[in-house]
Structure formats: C-alpha cells, structure tokens
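Keep in mind that this is a model prediction, so the values were computed, not measured.
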Amino acid sequence: MKIDIVSIFPDIFDVLDVSLMGKATASQLLDLSITNLRDHATGVHKSVDDTPYGGGAGMVMSPEVWGNALDPLVTPGSVLIVPTPAGALFTQETATELAQAEHLVFACGRYEGIDQRVVEHYSEDTTVMELSVGDYVLNGGEVAVLVMLEAIVRLMPGFMGNPESLSEESHESGLLEYPSFTKPRHWRGLDVPEVLLSGNHEAIRQWRHEQSLARTKAMRPDLLAD
C-alpha cells in the first residue's frame, strides 16, 4: 500500500518509524511518504492560511496551497482522507474498507480547517472521505491520522504476526472484546476466572461471549442497539 501524508508538521510522523509500522515500512509492505505543506506555499512567509470569508474566529487553510501539494499526489485511484470533527465517524468497518485500498492520501488540516473547495474539487475525479475519530476537537489532523493508520495498516495481509488475533478484537463482531488474563494465577488477592483454567474450549468460548455482551452493555450500549 502507498500512503502519502501532507502536513505543516511532518516531524509528528517520526513515530511511524518504530514498532510494527516501522517494520512494515522497512519490509516495503508500506510505501510511506510525508510532504511538508509549506514547501508548496508561496511568498516570503510561506503562509498556508488566511482569514475566513463571512468573518469569524481563526484562520482557514488556503485552497491554492493545498492544490499545489495534492496535485502531484492524488490520482483517480487514490482515496483522499481529510480528518475533521465535522466528518463521518471512523469505525472498524471504515478501517477494514480502507485496508483494501492501494493508495491513501491524508490531508492534515489545522486552525479552522481546509477551504471546503479542496474537498469539492478532488471529489470530481477521486474518492474523498471526510472522517472524524470521535466527538471532540483536536488541534490538527495529524493525531487523527496516526490513529487511523494504526487501525488501517494492521489489517493489511502480512502486517500482523498472527492474523487470527484480529478476529476476536473489539468491534470486529460488533461487540467489545472480552477481558484477558495471564500468569500469575493469583495476584494481589485477585484470581484468574476458573473457566479459563478448565481446558473446556466450549465453556471458555461461551464465557468470553457472555463477557463481551456484558462489557458492551456496560460500556457501549449503543453498539447493542445497532
């Protein structure tokens, strides 16, 4: 998979060089490129934003600068992703869909966001998705992109050492994952549930399912409603 990220703070993505993400890049499972948006700005100050039409607080990122940066990257086969609190909710289903793409381009907005005409323009020839990672506001799109990349890339074939571990995770079945335990059997007056020590695989499967239901009911009842 080819991934392009455009940001005014490219150093934030240095963390992608570590852990499994770094290994995927080193093994060429991922082709990752970071573009500094300011490299495509003009003028002495390399400004990337301006005051909003209609008034209001904050600044809006210029469509001209974004067009300069995205034109060399976006093709009809790309998926352009714009993180925004005004976007559709990014879910496990979204991650699964995007893990099948050949080329993802992430446009990291700042301030009051990117001029909406950027989305409208590129939507004419390619797939554009405005996505939110939750009902809160971040300072910019970079952290949201890191979250989405973690969720997307780990679903690619060959990324996880044990692909079976993906099937029982939270949200894969529509429920939250059951609680997990390891050695020692006794810790600070708390014991591992006896059923997990029984060796009875059917009983363990049933217990885990019941725990998933109970956890989902307590933590995310909206998932059961869906």
Side-chain angles (χ1 to χ4, degrees), residues 1-17 21 25 30-91 94-95 97-153:
M1 175 188 286
K2 179 171 176 54
I3 295 174
D4 281 288
I5 303 172
V6 184
S7 167
I8 60 172
F9 297 115
D11 292 348
I12 289 178
F13 297 99
D14 288 350
V15 297
L16 296 178
D17 290 335
M21 192 79 74
T25 303
L30 288 180
D31 178 5
L32 178 64
S33 298
I34 314 294
T35 297
N36 189 334
L37 181 66
R38 290 197 188 277
D39 291 342
H40 296 272
T42 59
V44 176
H45 301 291
K46 296 288 187 179
S47 177
V48 298
D49 58 356
D50 210 329
T51 55
Y53 278 120
M59 304 288 278
V60 177
M61 301 191 89
S62 165
E64 292 182 337
V65 181
W66 275 104
N68 293 341
L70 293 175
D71 280 350
L73 304 178
V74 177
T75 70
S78 305
V79 179
L80 174 59
I81 299 169
V82 182
T84 168
L89 185 64
F90 178 83
T91 65
T94 315
E97 174 187 348
L98 292 176
Q100 311 303 315
E102 295 184 1
H103 184 209
L104 302 179
V105 181
F106 291 90
C108 301
R110 283 265 157 177
Y111 319 123
E112 295 304 309
I114 302 171
D115 188 303
Q116 190 64 27
R117 289 171 294 179
V118 174
V119 169
E120 294 173 4
H121 170 74
Y122 289 101
S123 294
E124 295 176 0
D125 298 310
T126 192
T127 300
V128 179
M129 301 177 70
E130 296 178 275
L131 296 174
S132 168
V133 293
D135 294 334
Y136 43 84
V137 178
L138 301 171
N139 287 332
E142 288 80 8
V143 172
V145 168
L146 289 172
V147 169
M148 287 189 273
L149 278 178
E150 281 276 340
I152 294 166
V153 174

Check: Considering all heavy atoms of both residues, which atom of Glu142 and which atom of Cys108 are nearest to each other, and what is their separation?
Finding: OE2-CB, 3.5 Å

Check: Rounded to the nearest 0.5 Å, how far apart are OG1 of Thr94 and CD1 of Ile81?
Finding: 9.5 Å

Checklist line | Taking every non-hydrogen atom, the tightest pair across Pro52 and Gly58 | finding: CD-O, 3.3 Å

Item checked: More than 12 heavy atoms from other groups under 6.0 Å of CD on Glu150 -> no

Notebook entry, point to check: Between the side chain of Ser123 and the main-chain N/O of Val119, is any donor-acceptor distance below 3.5 Å?
Noted result: yes

Check: So which heavy atom on Trp66 is nearest to which on Tyr122, and how close?
Finding: O-OH, 4.1 Å

Notebook entry, point to check: Can you tell me how far the CE atom of Met1 sits from the CG atom of Leu98, to the nearest 0.5 Å?
Noted result: 7.5 Å

Checklist line | Euclidean distance, Phe106 CZ relative to Ile152 CD1, rounded to 0.5 Å | finding: 4.5 Å

Checklist line | side-chain contact (heavy atoms from CB on, under 4.5 Å) between Ile8 and Tyr111, worked out | finding: CA-CA 11 Å; Ile8 60 172; Tyr111 319 123; 3.5 Å; yes

Item checked: Atom CG of Asp135: over 12 foreign heavy atoms under 6.0 Å -> no

Note to self: Would you compute the distance between atom CG of Asp71 and atom NE2 of His40 and round it to the nearest 0.5 angstrom?
What the structure shows: 10.0 Å

Next item on the list: Would you confirm whether Ser132, through its side chain, and Gly134, through its main-chain N or O, come within 3.5 Å as a donor-acceptor pair?
Entry: yes

Checklist line | With Leu16, the side-chain contact (heavy atoms from CB on, under 4.5 Å) member among Leu30, Val145, Ile5 | finding: Ile5

Next item on the list: Measure across Ala41 and Val48 and return the closest heavy-atom pair with its distance rounded to 0.1 Å.
Entry: CB-CG1, 4.2 Å

Checklist line | Val60/Tyr53 under side-chain contact (heavy atoms from CB on, under 4.5 Å): CA gap, chis, key distance, verdict | finding: CA-CA 9 Å; Val60 177; Tyr53 278 120; over 6 Å; no

Check: Taking atom types as modelled and ignoring hydrogens, do the side chains of His103 and Asp4 form a donor-acceptor contact shorter than 3.5 angstrom?
Finding: yes

Check: With side chains defined as the heavy atoms from C-beta onward, is the minimum distance between Val105 and Thr126 less than 4.5 Å?
Finding: no

Margin query: Tell me the closest heavy-atom pair linking Glu112 and Ala57, and the distance in Å.
Written below: CG-O, 3.4 Å

Notebook entry, point to check: Are the side chains of Val133 and Val143 in touch, meaning some heavy atoms are under 4.5 Å apart?
Noted result: no

Next item on the list: Could you tell me whether a side-chain N or O of Asn36 sits under 3.5 Å from a main-chain N or O of Pro10, the two making a donor and an acceptor?
Entry: no

Checklist line | Spacing of Asp49 atom CG and Arg110 atom CZ [to the nearest 0.5 Å] | finding: 12.0 Å

Next item on the list: Taking all non-hydrogen atoms of both residues into account, name the closest pair between Arg38 and Ser47 and its distance.
Entry: NH1-CA, 4.4 Å

Note to self: Under a 3.5 Å distance rule, please check whether Ser62 uses its side chain to pair with a backbone N or O of Glu64 as donor and acceptor.
What the structure shows: yes

Checklist line | Residues which pass side-chain hydrogen bond (donor to acceptor under 3.5 Å, both in side chains) with Arg117, listed by chain and number, not counting sequence neighbours | finding: Asp115

Checklist line | Value rounded to 0.5 Å, distance of CG in Asp39 from CG in Asn68 | finding: 11.5 Å

